[in-house]
Amino acid sequence: MSERGALRARLDLLAREVAKFGVVGAVGLVVNIGVSNLLWRYTDIPTVRAGLMATFVAILCNYVGFRYWTYRDRDKSGRTRELTLFLLFSAVGAVIETGVLYAATYGFGWNTPVQSNVFKILGIGIATMFRFWSYRTWVFRALPDKDVVVNDVVVKGAVVQDSVVSAEDAALPGPAVSVPAPAPAPAAAVRVEADSARR
């Protein structure tokens, strides 16, 4: 695969990841804003505390979406570690998000319902950039690259994702190789089939 083709493949995968992250995030945003407004309207819980409670409800909702949809093809071996890191980075995101609302409410006195919603959404936007980077880098880790044998040719560093084997880092002549999901059979089994076909 050419360097340009490899870059395009990486950008396509990143665009899909961002889109899925955005869909889950949008659901979380609706949950967050909905719970915040319910608490602000029907309880006497202070603005910032109610916003923080809503954030944690949205975090739980988002974990399910990220684990079982956005990052379903990522490493699932260390669930305790994954959940611990998810909660840690989510808490940092919550501090960022709540910090913006806190500054607006107590620093500037902007605490009308419209102002609270504007600063809640602004805080969510800033926190979302941090969460996207931290989740994809530390929480939902990509599976390690594997060597895949296709038609008796070893594709070094192939990445199996969304039905495509990407040989981005391999210097192979010819077109890119596609393999249907799930991941291809072990190298030994593919090699045996290729040898049998020759006879």
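A chain of hydrophobic side-chain contacts below 4.5 Å, direct or via other Ile, Leu, Val, Met, Phe, Trp or Tyr residues, connects Val100 to Phe108. Residue Leu52 is not grouped with residue Leu39 when hydrophobic side chains (ILVMFWY) are merged at heavy-atom distances under 4.5 angstrom, including chains of intermediate members. Transitive grouping of hydrophobic side chains (ILVMFWY, heavy atoms separated by less than 4.5 Å) brings Ile96 and Leu122 into a common cluster. Placement of Val18 and Val23 within a single hydrophobic cluster is found when ILVMFWY residues are connected by side-chain heavy-atom separations under 4.5 Å, directly or transitively. Criterion: ILVMFWY side-chain heavy atoms under 4.5 Å apart, direct or through other members. Under it, Phe56 and Met53 are not part of a common hydrophobic cluster.
The aromatic rings of Trp133 and Phe130 are tilted relative to each other, their planes meeting at an angle between 30° and 60°. Below 30°, between 30° and 60°, or above 60°: for Phe21 and Phe66 the angle between ring planes is below 30°, a parallel geometry.
Scanning both residues, Ala54 and Ser36, for their nearest heavy atoms gives CB-OG, 3.1 Å. Considering all non-hydrogen atoms of both residues, Gly28 and Ala58 come closest at O-CB, 3.5 Å. Contact record, Ala127 with Gly93: CB-O, 3.3 Å, taken as the closest heavy-atom pair. Between Asp75 and Ser77 the shortest heavy-atom distance is OD1-OG, 2.8 Å.
At least one side-chain heavy atom of Trp40 sits less than 4.5 Å from a side-chain heavy atom of Ser116. Residues Tyr135 and Leu85 are not in side-chain contact: their nearest non-hydrogen atoms beyond the backbone lie 4.5 Å or more apart. Leu14 places a side-chain heavy atom less than 4.5 Å from the side chain of Glu17. Using a 4.5 Å heavy-atom cutoff, the side chains of Val48 and Pro46 are not in contact. When side chains are defined from C-beta on, Lys20 counts as touching Arg72, because their heavy atoms get closer than 4.5 Å. The side-chain heavy atoms of Thr105 and Trp110, taken from C-beta on, include no pair separated by under 4.5 Å. Side-chain contact between Val24 and Trp69 is present, with at least one heavy-atom pair separated by less than 4.5 Å.
Taking CG of Asn111 as the start and CZ of Phe119 as the end, the distance is 11.0 Å to the nearest 0.5 Å. Of the inter-residue distances, the one linking Gln115 atom CD with Leu101 atom CG reads 11.0 Å to the nearest 0.5 angstrom. Tyr106 contributes atom OH, which lies 5.5 Å from atom OG1 of Thr47 (distance to the nearest 0.5 angstrom). Annotation: the span from Ser90 atom OG to Leu83 atom CG amounts to 9.0 Å, rounded to 0.5 Å. Taken to the nearest 0.5 Å, the CG atom of Asn62 stands 8.5 Å off from the OG1 atom of Thr128.
Each of Ile59, Val139, Val92 was checked for a side-chain contact (heavy atoms from CB on, under 4.5 Å) with Arg131, and the lone residue meeting it is Ile59. Here the options are Asn32, Val35, Ile124, Val95, the test is side-chain contact (heavy atoms from CB on, under 4.5 Å), and the partner is Thr55; only Asn32 passes.
Heavy-atom contacts from other residues, nucleotides or ligands closer than 6.0 Å to CZ of Arg79 number more than 12. Taking a 6.0 Å sphere around CZ of Arg8, one finds it holds 12 or fewer heavy atoms contributed by other residues, nucleotides or ligands.
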(request) Walk me through it: do Glu82 and Arg67 pass the test salt bridge (Lys or Arg N to Asp or Glu O under 4.0 Å)? (result) CA-CA 10 Å; Glu82 174 186 283; Arg67 173 70 273 163; 2.3 Å; yes
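Put simply, the side chain of Lys120 gets close to the backbone of Gly51: a donor and an acceptor are under 3.5 Å apart.
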